Amino acid sequence: MPSVEKIIEDEISSPSVFKEKHKLYPEYTPSSLPHREKQLKQLAQLFKSFFSSPGEEMQRVMLVGSFGTGKTVTSKLFGASASSLASRNGIRLKYVHVNCYKSRTLPQIIYNISLDLGITLPQRGLSAQELMRGLIEELERRNTYAIVALDEFDYFALMSSGLNSIYVLVRAYDEYVNKKKRLHFIFISRSISTLENIDPSSSTYFLKNIVEFSPYTYSELYDILKERADEALYPGVISDDELKYISMIEGYDKGGSGSARTALEILVRAGESADSEKRSSITLDDIRKAHVIVKPELAMLQDQVSALDRHELVLYLSVIKALKGSGSGFVRIGDVEKIYRVLCEAYNLQPRRHTQVYTHILELRSMGFIQTKSSGKGFRGKSTLIGISAAPLYVLESKVEELLKRE
DNA sequence: ATTACAGCGGTAAAGGGCGG
DNA sequence: CCGCCCTTTACCGCTGTAAT
């Protein structure tokens, strides 16, 4: 029986197929972006007037495309290049990326923008308009411009008062008519239809400058995977045929989701599978195994789940457990709350009371984690029934528990 | 110090729909 | 049609910050 230390040591020092694993993670921003030249060009064109006459007008651009089509990464890369280009021209331009899942209210968003810009605004006590005024004046004082990307924008727009709030952002300069327009916006959204549904009249306001991101095809995915695999894996770990196989699985023209995110995750899991069996290369079986685990819907949830705080995670876990226990497709909100109380104890949390539980449930719903419907016959009184359609419960459960353990 | 005001979370009353 | 029971919401108190 080897010592614990020995076991851990062996595991850590065992060889890996990964040279730089992090380069396969969704949050990694690669230096080049295959098959997104058109979108970058469009973005550049829309911001052209900024470079010729900064501050003259406020730019508003909307990036639209389904999950894993490179919206976020394109935006970040554009922002980075734009600001370095600007600084070469003697303009101070900063790029700020805000995730609307994490910053759910307007004041939070403004606060986070200013935080990223190195501006300290109070978190409390000030209204959104006042925060906005503070931000604008500070930009003015520093002679700085900013491109603000609002990621997962459809979620923000869906929230009650979301659309009204947007005007606070976008019309902020109405009261500074002769000041330079220092704030510019990139809205990132999964689809335009959600925005159109909310408020058709004001949607035209956002839908003027649209850059579309189409799902990746088989050959496009191959190019992306090839490039990333070269950076992240040791040479010879994976063959072209195997990369093509993954591309085939996910390629939009081959009936896949067209998501680079999912394709990359399959690559990561396949690599992990090879590692765990101490093989120095990835086999087709590794990929098949990985494919079973990595479902597009799950990969989509992955980054959203990480935006949840502990209480929301525990509550989500409660929903999962309640559903597992009931065996039926739906459970009542009250049952979920009971389980939530128990789970809080297990995770050493002071349980939130009913109001908070309720609002968190609403939030989980608007983020798409759960679905709700009103109870019909067979229930006494009115009750909200909660269901999860995203993925198999046991997979979700292990994923959420893993996240909770990470503290 | 005092006022004013926003977020957060809780309490309790109001609302809503079905069984009896 | 009543009463029940869970959901939903109105409102309150507490805390933290800026302006006065």
Side-chain angles (χ1 to χ4, degrees), chain A residues 98-142 150 155-156 158-169 171-172 175 307-319 321-323 325-326 328-345 347-367 369-388:
Chain A
V98 179
N99 186 323
C100 295
Y101 273 114
K102 285 181 182 154
S103 317
R104 292 173 205 172
T105 64
L106 183 59
Q108 266 177 52
I109 287 173
I110 302 174
Y111 178 75
N112 278 325
I113 293 171
S114 56
L115 211 63
D116 274 14
L117 292 170
I119 298 168
T120 35
L121 292 176
Q123 252 178 314
R124 292 179 195 234
L126 257 59
S127 71
Q129 282 89 341
E130 287 170 304
L131 284 171
M132 206 60 200
R133 227 169 283 147
L135 177 59
I136 286 173
E137 276 162 19
E138 191 58 27
L139 285 173
E140 190 70 32
R141 209 178 61 75
R142 298 182 181 195
L150 296 174
Y155 168 71
F156 179 60
L158 269 171
M159 292 297 283
S160 59
S161 78
L163 268 183
N164 288 334
S165 306
I166 292 155
Y167 288 113
V168 176
L169 283 179
R171 296 239 175 101
E175 49 179 303
L308 299 176
D309 69 25
R310 270 185 97 62
H311 279 288
E312 288 164 332
L313 274 178
V314 172
L315 187 60
Y316 188 40
L317 187 58
S318 311
V319 176
K321 283 193 186 298
L323 281 167
S326 81
S328 74
F330 288 90
V331 283
R332 278 180 295 187
I333 211 171
D335 299 335
V336 171
E337 196 174 343
K338 270 179 218 140
I339 296 173
Y340 165 76
R341 292 230 182 80
V342 178
L343 280 180
C344 271
E345 212 154 311
Y347 286 102
N348 267 327
L349 281 172
Q350 181 78 32
R352 296 275 177 266
R353 301 301 280 268
H354 182 75
T355 311
Q356 284 312 107
V357 171
Y358 180 64
T359 52
H360 281 149
I361 288 286
L362 291 185
E363 274 171 349
L364 288 175
R365 185 181 61 184
S366 60
M367 287 193 240
F369 291 114
I370 58 176
Q371 291 74 45
T372 66
K373 65 173 187 183
S374 239
S375 67
K377 283 185 179 170
F379 288 91
R380 197 177 182 87
K382 199 186 80 167
S383 182
T384 300
L385 299 178
I386 300 170
I388 294 177

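Order of the sequence lines sets the chain letters (A, B, ...), proteins ahead of strands, with each chain counted from 1. This is a predicted model, so every value here is computed, not measured.
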Within this structure, what is the CD-to-C1' distance between A:E337 and C:dC5, rounded to whole angstrom? 14 Å
In whole Å, I'd like the distance from the NE2 atom of A:H354 to the P atom of C:dC5. 16 Å
Counting heavy atoms from C-beta on, name the nucleotide in C:dT7, C:dT8, B:dG10 closest to the side chain of A:Y358. C:dT8
When the distance from CD of A:E137 to C1' of C:dA18 is rounded to whole Å, what number comes out? 14 Å
Whole angstrom is fine here: how far is it from CD1 in A:I361 over to P in C:dC6? 16 Å
Once you round it to whole Å, what is the distance between P of B:dG9 and CG of A:L315? 13 Å
Kindly assign one of parallel, tilted or perpendicular to the pair A:Y316 and A:F369, based on the angle between their ring planes and the thresholds 30° and 60°. tilted
Atom-to-atom span, NZ of A:K338 to C1' of C:dT7 - whole angstrom: 14 Å
Residue A:I333, side-chain atoms from C-beta onward, closest of C:dT8, C:dT7, B:dC8: C:dT7
Euclidean distance, atom CD of residue A:E130 to atom P of B:dG7 [Å, nearest integer]: 11 Å
Select one nucleotide: of B:dG10, C:dT9, C:dC6, the one nearest the side-chain heavy atoms of A:R353. B:dG10
Any Lys/Arg nitrogen of A:E337 or A:R341 sitting under 4.0 Å from an Asp/Glu carboxylate oxygen of the other? yes
To the side chain of A:Q356, which of B:dG10, B:dG7, C:dC6 is closest? B:dG10
N-O pairing of A:E130 and A:R133 below 4.0 Å: no
Do other residues, nucleotides or ligands put more than 12 heavy atoms under 6.0 Å from the CZ atom of A:R353? no
